Amino acid sequence: DVKVTQSSRYLVKRTGEKVFLECVQDMDHENMFWYRQDPGLGLRLIYFSYDVKMKEKGDIPEGYSVSREKKERFSLILESASTNQTSMYLCASSVTKIGTNTEAFFGQGTRLTVV
Amino acid sequence: DQQVKQNSPSLSVQEGRISILNCDYTNSMFDYFLWYKKYPAEGPTFLISISSIKDKNEDGRFTVFLNKSAKHLSLHIVPSQPGDSAVYFCAAPPGTYKYIFGTGTRLKVLA
């Protein structure tokens with residue numbers, strides 16, 4: 001079974017802190033993603049990576065950065081946490097689609113509260 | 001603009017009856033669609049997918065229908081069970097790498 005593991009289930013951070021969210025996958029997937037889920041807004045893509053050291057902005061990258069130094073690990077960084085970044089953060093991974101239906105596999109999520 | 005839209009934020013259904021969750025999309029070039037199920041405080045889990053060359057895919061109690069002319073897909077759950085109560089997201093891949101998701105529909109199955 002594919003396993004995507006996020007380092008924390010719950011985090012509480014103070015405004016202005018630098019926050020690191022870590023994600024590890026064990027299936028040698030090329031692609032990794034960070035989404036956030038907010039009520040009424042669904043899952044919105046923050047950043048994704050299709051290879052080591054490669055990253056692409058998603059729909060809402062402002063206030064975030066990412067790092068992918070190893071294939072299995074994808075980190076999301078909140079440079080200076082703000083209260084509007086309070087959310088559920090979801091990491092996912094997938095193989096690169098090559099003409100067949102492939103799905104993304106998600107971690108259990110990190111509920112981040114910024115106070 | 002590549003979007004998938006779920007216009008019903010919530011749905012309540014009696015146990016044993018059919019649940020129908022709907023999704024509309026704007027890009028006729030999507031080559032397949034996916035449905036995910038999400039329980040509170042957990043990550044989404046993949047449920048079922050459908051290729052754009054098909055109009056129906058069935059897996060047990062779950063069937064997804066695709067109407068390409070209307071740019072519409074629906075997920076049918078028959079019979080609905082209390083354990084199906086969750087948020088359901090439709091999704092599509094706008095290209096090689098990423099996925100875009102709808103806003104979700106919260107299904108409540110009443111015992």
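Given the structure is predicted, the values throughout are model-derived calculations rather than measurements. Reckoned from all heavy atoms, side chains included, excluding hydrogens, waters and symmetry mates. Chain naming here is simple, since letters A, B, ... match the order of the sequence lines and numbering starts at 1 in each.
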Kindly check if the number of other-residue, nucleotide or ligand heavy atoms within 6.0 Å of [atom1] ([X]) is above 12?
{"X": "B/Lys5", "atom1": "NZ", "answer": "no"}
{"X": "B/Arg61", "atom1": "CZ", "answer": "yes"}
{"X": "B/Lys108", "atom1": "NZ", "answer": "no"}

(request) Identify which part of A/Leu43 has an atom lying under 4.5 Å from any heavy atom of chain B, answering side chain, backbone, both or neither. (result) both
(request) Measure distances from A/Arg44 to the heavy atoms of chain B and classify the residue's part below 4.5 Å as side chain, backbone, both or neither. (result) neither
Transitively linked via ILVMFWY side-chain contacts under 4.5 Å: [X] with [Y]?
{"X": "A/Val114", "Y": "A/Ile46", "result": "yes"}
{"X": "B/Ile20", "Y": "B/Leu66", "result": "no"}
{"X": "A/Phe48", "Y": "A/Val24", "result": "no"}
{"X": "A/Leu76", "Y": "A/Met88", "result": "no"}
{"X": "B/Trp35", "Y": "B/Phe65", "result": "no"}

(message) Checking A/Asn31 against B/Tyr99 for the side chain to side chain contact (heavy atoms under 4.5 Å, CB included) test, could you report, in this order, the C-alpha distance in whole Å, the side-chain angles of both residues, the deciding distance, and whether it holds?
(response) CA-CA 11 Å; A/Asn31 307 319; B/Tyr99 302 82; over 6 Å; no
(request) Report the distance from atom CG of B/Leu47 to atom CD of A/Glu103, rounding to the nearest 0.5 Å. (result) 11.0 Å
(request) Would you give the length of the straight line joining atom CD1 of B/Ile100 to atom CG of A/Asp59, rounded to the nearest 0.5 angstrom? (result) 8.0 Å
(request) Give the member of B/Lys38, B/Gln6, B/Arg106 that has the highest number of heavy-atom pairs under 4.5 Å with chain A. (result)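 Of B/Lys38, B/Gln6, B/Arg106, B/Lys38 has the most heavy-atom pairs under 4.5 Å with chain A.
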(message) I need the residue from B/Gly104, B/Gly43, B/Pro9, B/Pro44 with the largest number of non-hydrogen atom pairs under 4.5 Å to chain A.
(response)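 Top option by heavy-atom pairs under 4.5 Å: B/Pro44.
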(request) Could you look at B/Phe33 and say if it's the side chain, the backbone, both or neither that has a heavy atom under 4.5 Å from chain A? (result)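 For B/Phe33, neither part sits under 4.5 Å from chain A.
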(request) Check whether B/Ala91 gets within reach of chain A through its side chain, its backbone, both or neither, counting any heavy atom under 4.5 Å. (result)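 For B/Ala91, no heavy atom lies under 4.5 Å from chain A.
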(request) Assess the pair A/Phe106 and B/Phe46: is the distance between their ring centroids shorter than 6.0 Å? (result) no
(message) Using the ring centroid of each side chain, check whether B/Phe101 and A/Tyr35 are separated by less than 6.0 Å.
(response)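 They qualify: ring centres under 6.0 Å apart.
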(request) Return the option, out of A/Glu56, A/Arg9, A/Arg111, with the maximum number of heavy-atom pairs under 4.5 Å with chain B. (result) A/Arg9
(request) Locate the shortest heavy-atom distance separating A/Thr102 from B/Leu34; write the atom from each residue and the value. (result)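 Here A/Thr102 and B/Leu34 meet closest at O-CD2, 3.7 Å.
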(request) Quick one: closest heavy-atom pair of A/Gln37 and B/Phe89, and the distance? (result)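 In this case the closest contact between A/Gln37 and B/Phe89 is NE2-CZ, 3.7 Å.
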